[in-house]
Amino acid sequence: MKRHRKHLHGVTSIDYYACQSGLRQWNGCYKVCAAIVILILCLLLDNPWVSMAVILTMGVVNLRGNGVSFPVYLGLLKIPIAFLLLGGLGVALSISSHPMEPMSISMHWFYLYVTRETLMEALQLFLKAMGAVSALYLLALSTPASELTAVLRSIHMPKLLVELMYMIYRFIFILMDVQQGMKNAAISRLGDADFKTSCTTFGQIGGNLLILSLKKANTYYDAMISRGYEGDFPFWEEKKSVKAWQLVILGLYITVLLLIARITSVIDK
Amino acid sequence: MRGEILNVQHLSYGYPSGHLALSDISLSIGSGERIAIMGSNGAGKSTFFLNLNGVLKAQSGEIYYQGTKISGKELKELRRHVGFVFQDADSQMIASTVQAEVAFGPMNLKLSRDEVEKRVTQALQYMDLQSYRQRPPHYLSGGEKKRVSIADIIAMQSEIILFDEPTAALDPLSADMLEQVLADLSREGKTLLISTHDVNFAYRWAERIVVFDRGKILADGNPLEVFLQEQVLEQAHLKKPEMLKVYETLSEQGLIEPESYPREAGELAKALIG
């Protein structure tokens with residue numbers, strides 16, 4: 001049986017959640033800094049307890065603060081989890097010509113084995129990366145692209161790069177819209193009747209996508225020109241000041257993470 | 001006749017492919033006029049609008065804004081005075097919130113922050129969009145997007161507003177809202193040019209109709225003059241407005257006041273005899 005196609009694609013929904021997030025009114029620079037600091041702490045402290053704390057707290061913030069529903073958040077985490085599990089497997093498994101303790105699997109020519117150390121290492125790596133991913137989701141789910149470009153501009157990133165980034169981001173949506181429309185039109189005419197037809201349809205959509213997107217891009221450019229665009233995006237930015245209590249929360253959070261790292265490392269010794 | 005605001009002289013525009021989209025167009029537009037631009041697909045309506053807005057630059061011919069000839073650098077100036085509401089509202093949406101979207105034009109005009117804020121608030125109020133301020137425009141419904149795209153232009157406070165087929169793809173409620181907005185804008189003295197295929201709307205709303213056919217102006221005059229020329233209607237593939245047909249049928253049977261030419265149901269009821 002065929003699975004039903006999902007209507008909200010990944011990227012679209014991230015953008016959507018960013019716009020309706022409860023943290024939308026927080027200062028953009030603050031959010032970027034917070035996400036980066038948490039990410040760096042996660043990587044530098046390299047402590048599974050800290051990572052777990054970050055995964056949990058970021059999860060709560062993303063669900064509560066950013067207003068993402070649990071199934072959606074799980075869906076967003078699915079792709080990184082799949083990658084990390086595969087990567088973790090690579091770290092955990094080692095190859096040997098003879099059986100090893102405590103666990104090895106015979107693969108006829110060689111043995112795959114797992115030791116306690118490699119397993120722990122894989123788990124730690126997995127947790128560390130998941131913590132980092134959660135911290136980045138905190139940023140992605142609370143900060144729309146235009147706000148991000150404003151932050152980049154305020155740290156004096158070259159104008160050309162910032163604008164290029166925003167345009168590319170916008171055009172991803174145009175491309176996806178166009179592609180979705182063509183796909184629906186193709187499916188409604190049985191363009192996916194069997195595997196071979198599906199492949200042909202896919203190719204044709206790909207070809208048309210280029211032409212159609214070029215046409216659309218032209219119209220978009222005309223629309224920008226007609227509203228006085230002169231090679232510069234002076235986007236409206238709302239003034240969102242950082243409040244003292246927000247800084248205090250971040251400070252407390254970092255302290256707690258550092259404390260966890262300290263305490264667990266003492267216990268381990 | 002109110003003062004002339006825009007004058008187009010012998011305008012010709014050809015696309016790079018060699019296809020001549022406009023040839024030798026001359027038109028004088030009075031301040032505050034309500035003009036419907038009609039004609040079949042590919043007659044040159046959209047190209048004409050893009051030229052009026054200074055997005056496209058004509059190969060030959062001149063455009064005068066309030067008596068000043070527009071050339072080269074002043075094309076940008078033209079964009080300040082002429083606003084363009086695109087047919088597909090999506091193609092206008094650029095920012096990620098309605099507020100930033102409406103502010104895009106005023107920001108490009110290099111206005112002060114306070115002024116931008118004021119204009120955005122006004123425009124949102126005008127289009128009844130206050131509660132959408134923080135919403136991402138891409139996820140709004142078709143009618144709401146249309147409203148945002150009109151607010152975009154209202155915030156720029158251009159004297160002339162071009163609408164490219166504004167009623168296309170709107171539900172009846174949104175279309176009514178649009179007509180209300182057009183009436184308001186007209187009352188405020190804005191010059192409105194609307195390209196449309198809707199003969200009933202054009203007959204009801206416009207005070208002047210310009211018919212394009214294969215890049216040339218086929219007819220130009222008040223709605224009655226245009227719609228009574230059978231040959232024009234045939235050549236431009238236009239249909240006669242229903243209200244005009246009803247009038248003609250009733251007139252044949254002597255049931256309506258002669259020369260009354262009602263434009264809408266209310267006027268028709270008044271003009272009926274007996």
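Quick note on labels: first sequence line is chain A, next is B, and so on, each numbered from 1. For the numbers below, each heavy atom of this structure counts, side chains included, while hydrogens, waters and symmetry mates do not.
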(message) List the residues meeting ring pair (Phe, Tyr, Trp, His ring centres under 6.0 Å) with Phe86(B), not counting sequence neighbours, and say none if there are none.
(response) Phe84(B)
Using distance only, find each side-chain donor-acceptor pair of residues 65-75 of chain A under 3.5 Å and give its atom names and separation, not counting sequence neighbours.
{"unit_1": "Asn66(A)", "atom_1": "OD1", "unit_2": "Ser21(A)", "atom_2": "OG", "d": "2.6"}
{"unit_1": "Asn66(A)", "atom_1": "ND2", "unit_2": "Asn62(A)", "atom_2": "OD1", "d": "2.9"}
{"unit_1": "Tyr73(A)", "atom_1": "OH", "unit_2": "Asn62(A)", "atom_2": "ND2", "d": "3.0"}

(request) Could you note down all residue pairs passing salt bridge (charged side-chain N to carboxylate O under 4.0 Å, His left out) where residues 140-163 of chain A supplies at least one of them, sequence neighbours left out? (result) Arg24(A)-Glu147(A), Lys31(A)-Glu147(A), Glu147(A)-Lys240(A), Arg153(A)-Glu237(A), Lys159(A)-Asp232(A)
(request) Heavy atoms only, distances under 4.5 angstrom: which of Asp90(B), Val120(B), Leu78(B), Leu56(B) has the most pairs with chain A? Name it, please. (result) Asp90(B)
(request) Using a cut-off of under 4.5 Å on heavy-atom pairs, state which of Met93(B), Glu117(B), Arg113(B), Gln99(B) scores highest against chain A. (result) Arg113(B)
(request) Measure Leu109(B) against the heavy atoms of chain A and call it side chain, backbone, both or neither at under 4.5 Å. (result) neither
(message) Quick check on Arg133(B): does its CZ atom have over 12 non-hydrogen neighbours (other residues, nucleotides or ligands) under 6.0 Å away?
(response) yes
(message) For Ile249(A), I'd like to know if atom CD1 has over 12 heavy atoms of other residues, nucleotides or ligands within 6.0 Å.
(response) yes
(message) Quick check on the structure: residues of residues 213-230 of chain A within a heavy-atom distance below 4.5 Å of chain B, by number.
(response) Lys216(A), Thr219(A), Tyr220(A), Asp222(A), Ala223(A), Met224(A), Ile225(A), Ser226(A), Arg227(A), Gly228(A), Tyr229(A), Glu230(A)
